[in-house]
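Here's the structure we're looking at; comments come further down.
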2 protein chains.
Amino acid sequence: MNEAVFKESLSELDTSSLVDKVEAKLVELLQQRKLHVGDAIPKEIELASLLGVSRTVIREALLRLRVMGLIESKKKKGAVITSPDVFGILSKSMNPHILNQDTLREMFEIRLVLEIGMADFIFQRITPEDVVKLKEIVSQEPPATEQHLFNIEHEILFHGKLYEITGNATLKKFQGMLLPIFDYVHNSGLLKKQLQPKRYVSHKGLVDIIENGSPEMFRNAMRNHLENHFARLFD
Amino acid sequence: MNEAVFKESLSELDTSSLVDKVEAKLVELLQQRKLHVGDAIPKEIELASLLGVSRTVIREALLRLRVMGLIESKKKKGAVITSPDVFGILSKSMNPHILNQDTLREMFEIRLVLEIGMADFIFQRITPEDVVKLKEIVSQEPPATEQHLFNIEHEILFHGKLYEITGNATLKKFQGMLLPIFDYVHNSGLLKKQLQPKRYVSHKGLVDIIENGSPEMFRNAMRNHLENHFARLFD
DNA sequence: TATGTTTATTATGTCATACATAAAAACGAA
DNA sequence: TTCGTTTTTATGTATGACATAATAAACATA
């Protein structure tokens with residue numbers, strides 16, 4: 001039974017599916033820098049005959065790469081390598097209604113971690129223009145009412161600017177991804193209600209520290225600023 | 001020309017491809033909580049006839065969901081809803097050889113942000129057993145040599161434990177994803193060489209602070225502990 | 001020559017069908 | 001009942017065909 005033997009020895013290497021192998025092969029090519037951003041990869045049919053599998057398999061492998069953001073395929077031009085937008089990919093599955101509650105809370109927590117931890121990058125890379133912009137944002141802060149302790153849009157504007165100042169585009173994208181989560185968790189009944197919501201260090205206070213203080217001071221101030229959120233997690 | 005009119009009015013709704021629509025439809029179902037984790041979704045053929053498209057389209061849509069981590073499909077059991085492992089999805093495309101250098105550096109920076117910012121969660125959730133474990137890890141720290149300022153495995157062990165202590169599984173997964181990046185950036189010529197590498201606050205020092213100090217102290221100590229990395233970024 | 005329009009080409013997108021494969025379920029014998 | 005075998009079933013793979021959209025080529029017109 002030559003055929004049987006052949007199949008057996010083949011399946012030894014072959015725990016994974018055909019598509020897995022093709023995908024791995026293509027990723028391998030990317031990793032070896034044989035292909036660069038903007039390069040076009042062979043047509044589906046060429047790849048199929050090249051790798052000895054059906055076009056179906058090729059298409060599925062390419063699709064995976066596409067979902068992962070490694071390639072983009074245009075109608076006639078074929079597929080081209082793209083530099084993956086690491087977090088852009090995530091935004092699709094980063095839907096509050098899909099994630100489970102534990103994950104949602106954890107994402108909420110990660111936002112707090114980031115804003116406290118990014119102090120050094122703010123101080124290292126802030127420009128005079130940034131300071132001006134921050135002050136402008138603070139000056140336009142709407143007054144807090146009884147119902148709404150703070151205005152969501154304004155919160156996003158201020159804190160988003162801080163992320164921007166870090167000069168870390170990936171971090172900024174990450175924040176953009178966390179925004180809907182944060183909003184959802186904040187408004188849903190997922191966390192305990194805060195007993196007596198209070199404002200601690202204000203946005204203006206944070207800006208003052210950025211101007212005259214140190215990363216250490218900023219971390220502590222930001223921790224204080226976020227106290228309401230921490231309280232809802234810890235109390 | 002009834003047919004032409006029909007096609008035209010159809011294409012008004014139809015800027016996206018068939019697969020796009022099916023994908024959106026399925027995601028919508030997930031979001032509406034019509035489907036829950038563990039639920040099985042209809043078979044491919046059923047979906048095909050249900051939505052009036054070919055099995056090919058259904059398969060591609062399902063594949064997208066699978067790559068996004070929203071479903072898992074078993075051989076006979078069909079596909080079942082899974083709570084997406086948010087960062088697990090990323091790990092594939094999170095390959096140092098694929099990402100561009102700016103992104104790599106930014107991921108490197110995010111790790112620093114996280115470890116400084118997570119102090120409060122460590123202090124809030126640490127257990128006596130964690131302290132014992134930390135001390136055990138520190139006690140087994142290999143001595144620093146001339147060539148290697150620190151042992152990578154041991155670094156991962158210690159810092160990984162810290163992530164674990166935060167009780168934030170998502171954060172821990174995130175770290176796992178950052179590890180290869182960090183290693184790569186650290187060893188490649190991407191960053192400046194540090195002129196005179198020095199050890200500042202040691203692992204033991206961090207543990208002491210965890211036992212007797214405060215989150216504020218820990219943040220500053222961790223910032224100091226990571227000084228070598230910061231120096232390579234900022235100097 | 002330059003420019004706008006039509007036609008042909010090409011590679012991906014979609015469909016249909018058939019078969020392979022693996023896992024579950026049904027079945028049967030001890 | 002329990003173990004091993006067969007059947008069923010849904011996904012995985014292969015193949016061939018046509019649709020569609022973007023490009024390129026050809027053409028016509030000023």
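Numbers restart at 1 for each chain; the letters A, B, ... are given by sequence-line order, proteins then strands. Atom set for the values below is all heavy atoms of this structure, side chains included, hydrogens, waters and symmetry mates excluded.
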Which residues pass the side-chain contact (heavy atoms from CB on, under 4.5 Å) test with A:S54, sequence neighbours left out? A:T56, A:V57

For B:E46, give me all partners under side-chain contact (heavy atoms from CB on, under 4.5 Å), at least two apart in sequence or on another chain. B:P42, B:K43

Pairs under 3.5 angstrom, nitrogen or oxygen only, protein versus nucleotides 21-23 of chain D, please.
unit_1: D:dA21; atom_1: O4'; unit_2: A:K75; atom_2: NZ; d: 3.3

Residues at least two apart in sequence or cross-chain that pass side chain to side chain donor-acceptor pair (under 3.5 Å) with B:T103, listed by chain then number, are B:N100

Rounded to whole angstrom units, what separation is found between the [atom1] atom of [X] and the [atom2] atom of [N]?
X     : N      : atom1 : atom2 : result
B:I45 : D:dT8  : CD1   : C1'   : 13 Å
B:L63 : C:dT14 : CG    : C1'   : 16 Å
A:I58 : C:dA11 : CD1   : P     : 15 Å
A:E23 : D:dT13 : CD    : P     : 12 Å
B:E60 : C:dC15 : CD    : P     : 11 Å
A:E72 : C:dT12 : CD    : C1'   : 15 Å
B:K21 : C:dG13 : NZ    : P     : 16 Å
B:E44 : C:dT17 : CD    : C1'   : 15 Å

For the pair B:L206 and B:L134, evaluate side-chain contact (heavy atoms from CB on, under 4.5 Å) and give the outcome as yes or no after the intermediate values. CA-CA 10 Å; B:L206 289 174; B:L134 276 179; over 6 Å; no

Angle by which the axis turns from one end of the helix from C:dT1-D:dA30 to C:dA30-D:dT1 to the other, five pairs per end, to 10 degrees: 0°

When you look at CD of B:Q101, are more than 12 heavy atoms from neighbouring residues, nucleotides or ligands closer to it than 6.0 Å? no

Mind checking what makes ring pair (Phe, Tyr, Trp, His ring centres under 6.0 Å) contact with A:Y163, not counting sequence neighbours? none

With sequence neighbours left out, write down each residue that passes ring pair (Phe, Tyr, Trp, His ring centres under 6.0 Å) with B:F230, or none if nothing qualifies. A:F121, B:F234

Taking only N and O in the side chain of A:R59, is any of them less than 4.0 Å away from OP1 or OP2 of C:dG13? yes

If you assign A:K43 and B:V57 each to the DNA chain C nucleotide with the nearest heavy atom, which residue ends up on the more 5' nucleotide? A:K43

Which listed nucleotide (C:dA11, C:dA16, D:dT11) is nearest to the side chain of B:T56? C:dA16

Any pair counted as salt bridge (charged side-chain N to carboxylate O under 4.0 Å, His left out), so long as it reaches residues 166-183 of chain A, sequence neighbours left out: A:D85-A:K173

For residues 120-132 of chain B, which residue pairs qualify under salt bridge (charged side-chain N to carboxylate O under 4.0 Å, His left out), counting only residues two or more places apart or in two chains? A:E109-B:R125, A:R223-B:D120, B:D120-B:R219, B:D130-B:K161

Within residues 46-55 of chain A, which residues have any heavy atom lying less than 4.0 Å from an atom of DNA chain C? A:R55

Applying salt bridge (charged side-chain N to carboxylate O under 4.0 Å, His left out), name anything that partners B:E106, two or more places apart in sequence or on another chain. none

Only counting residues at least two apart or in another chain, list the ones meeting salt bridge (charged side-chain N to carboxylate O under 4.0 Å, His left out) with B:E115. B:R111

